[in-house]
Protein chains: 2
Amino acid sequence: MKQTAPDISERAQHMLRVLIDRFIREGQPVGSRTLAREAGLELSPATIRNVMSDLEELGFIRAPHTSAGRVPTVQGYRFFVDTLLKVQPLDVSSVERMRLEFEIERSPKDLIESASELLSGITHLAGVVTLPKHEHVLFQRVEFLPLSEKRVLAILVTSEGEVQNRMITTDRQCSTSELQQASNYLNELFAGKDLAAVRSTLLDEMQEARSTMNRIMVTAIQMADQVLEEEQSEDYIMAGQTNLMEFRELCDIEKLRNLFDAFNQKREILHLLDQCVHGDGIQIFIGDESGYQTLDECSMVTAPYQVGGEVVGVLGVIGPTRMAYERVIPIVDATARLLGAALNQKD
Amino acid sequence: MKQTAPDISERAQHMLRVLIDRFIREGQPVGSRTLAREAGLELSPATIRNVMSDLEELGFIRAPHTSAGRVPTVQGYRFFVDTLLKVQPLDVSSVERMRLEFEIERSPKDLIESASELLSGITHLAGVVTLPKHEHVLFQRVEFLPLSEKRVLAILVTSEGEVQNRMITTDRQCSTSELQQASNYLNELFAGKDLAAVRSTLLDEMQEARSTMNRIMVTAIQMADQVLEEEQSEDYIMAGQTNLMEFRELCDIEKLRNLFDAFNQKREILHLLDQCVHGDGIQIFIGDESGYQTLDECSMVTAPYQVGGEVVGVLGVIGPTRMAYERVIPIVDATARLLGAALNQKD
DNA sequence: GTTGGCACTCCCTGTTGAAGAGTGCCAATT
DNA sequence: AATTGGCACTCTTCAACAGGGAGTGCCAAC
């Protein structure tokens, strides 16, 4: 990921840094005059212009039109975050303030919502947190309740203290005691295993069951299979989408609508977040790096969060490419840790 | 609601009707010339102008500026929907198409989401559906699972086959069998009652319990109380918010943001929807009639929906005041019926 | 009561012109 | 060889302005 740049002088790097800093703050193209003042070096605008010309040649900045200043390109931002950026850790008091948010005893889902709101609140961007992956969620208990003829309500309790429920249909009417037996059977068999394992075991069990087991067990397995079937689908919680309306570069109704639609659709975003689970640590997509057109003018900063030493989800923020990476990155990082810690306590 | 208007001629009413129709379709102020053509009557623009002048005096229309056409005022719309509008029932094929959406066997929550999406999809506005009120939800069963020391997961199953869960804390550690006893006790006591009744009984029970009952029962009641405590809060499901971006009159980023924030906050909207439960049948708020500034340029068309003969919730659409009431009203009405019917089957 | 005519108002659009910001290049300077 | 000042040039932005268009209100005539 790190890219070496033998052909870019120390000075040019510094200028790029200052330019991007300034652009992130002001949102306006920055010209040679401004940069001369801002850079701290004792150089005339003319000199700066030469350097800027070089940076443009390298593809790090570009001019929106002949007589505007320069703005960073995607590659410019990329170089900036990869090699120019020094992320200073968050000051302790901020972290402490954030930790308090998570201190309150709440269900995992609430915690995840808080994390999302926290992210959007502090960064003034949109916050996003994926729900924990099911492979890492442990089966704790299942319960079947008869609703009506042939319809049963299945309640699945997982290690996170999270409850999922689904209505399932059986091919025949089941009595309460039958259901009781079924759930006992499953609870004994699977307690403490993770859902992925449960599901694969279930398939084997199903073969065997037909020949050697009684009707109840077959039913139980069928039901459990139905419950787990849809559990594969992932999801995320988003907060502060409206923050994005504040940015000039996204103020175009057309773009905004596409963006919001993408948020609701969830598919693309989910796919992107998925990629972030595999990479370790902070992951950043800038502009069109995401590959999705709707996110062309957005960046995404993510960090995976862990429970029990394993990565179970991702969280981060989405905002305009012109976002304060330096400030955002440590916040995302810290939030991931705090959320992980908070979730850990629940087990 | 119906307001008599002895001082407004048949002809003027017809013109108002045509004007509003046209404005709803085109979104542009309509002038005397256009109206003369559109109205079907053989009248010159000058005559029309006189009539329009009268309508303006009555407060039904107004001119954005001297030389624009006229646009309807809130009162204009109000008169329009109250007395001018003839809602023709939806054609059978549309209703049939909608009914199919609800045919699929699903959980109540899914049905409600579908209803919301259906509303927004067909009307191209934002759809909203409140979750069923708890007073009308029957207690079916409660289950307590130990999570860790002093922390218990309570699972509440209601008549709708809906499951709610909450983490609660106890003042001492409870054993599994104690929890079992507690839930048995509550299940026996409350099965089939509605949540409101359960809650009020609970308070009485609590008094008595302290003196005559054992620790387990006290704990059970305390826990049940905690479960029900937050259950009062209402909620709604919204869909198609982004549809609202299409309307010129809402295209202002500032307004849009306020609107979307209000949707997320939910409080104001919820309060408004609440008012619609009490009124019977279709309820319409136009512009500032809602009393909330963020909705000043919006209208809301709602209908209550029933389960088991009782109103349990409200659904409807939110859009600009310039919405196609004539088309929207029957859609909202039909959706309410269909959702009610679909939910009824689940009991 | 209805109509045509007419003056008037206001928005919208396109033009123009000047100011401002910034560039690129070149020749002079260090 | 790097740096600088100077200068011509480009492009945006803003305000002022003018003309066309749409629509009104009023009045006098039908």
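Each chain gets a letter, A, B and so on, in the order its sequence line appears, and its residues count up from 1. Please read all numbers here as calculations on a predicted model, not as lab measurements.
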Q. Residues in side-chain contact (heavy atoms from CB on, under 4.5 Å) with A:S32, at least two apart?
A.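 Only A:P45, A:I48, A:R49, A:M52 meet the side-chain contact (heavy atoms from CB on, under 4.5 Å) criterion with A:S32.
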Q: With sequence neighbours excluded, tell me which residues meet side-chain contact (heavy atoms from CB on, under 4.5 Å) with B:A336.
A: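 Partners of B:A336 under the side-chain contact (heavy atoms from CB on, under 4.5 Å) test: B:A303, B:Y305, B:L315.
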Spacing of [X] atom [atom1] relative to [N] atom [atom2], expressed in whole Å:
X	N	atom1	atom2	answer
A:R11	D:dA1	CZ	C1'	12 Å
A:R22	C:dA21	CZ	P	12 Å
A:E26	C:dA21	CD	C1'	15 Å
A:I48	D:dA2	CD1	P	16 Å
B:L35	C:dT3	CG	P	14 Å
A:D54	D:dA1	CG	P	16 Å
A:L41	D:dT4	CG	P	10 Å

**Q.** Passing candidate, side-chain contact (heavy atoms from CB on, under 4.5 Å) with B:R70, options B:L16, B:L19, B:L35, B:V30
**A.**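 It is B:L19; the other options fail the test.
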Q: Nearest 0.5 Å please: distance from the CG atom of B:L272 over to the OG1 atom of B:T302.
A: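 One finds 8.5 Å between CG of B:L272 and OG1 of B:T302.
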Q) If you take all heavy atoms of B:F23 and B:Q28, which pair is closest and at what distance? A)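 Closest approach of B:F23 to B:Q28: CD1-O, 3.1 Å.
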Q: Summarise how protein sits on nucleotides 13-29 of chain D as a single string, 5' to 3': B when a protein heavy atom is under 4.0 Å from the base, S for sugar-phosphate-only contact, - for no contact.
A: ---------BBBB----
Q.
Once you apply a heavy-atom cut-off of 4.0 Å, does A:Q28 come out as touching a base, just sugar-phosphate, or nothing?
A.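 Counting heavy atoms under 4.0 Å across all strands, no contact is made by A:Q28.
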Q. Out of A:E268, A:R267, A:H271, which residue meets the side-chain hydrogen bond (donor to acceptor under 3.5 Å, both in side chains) rule with A:Y292?
A.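 Passing option: A:H271.
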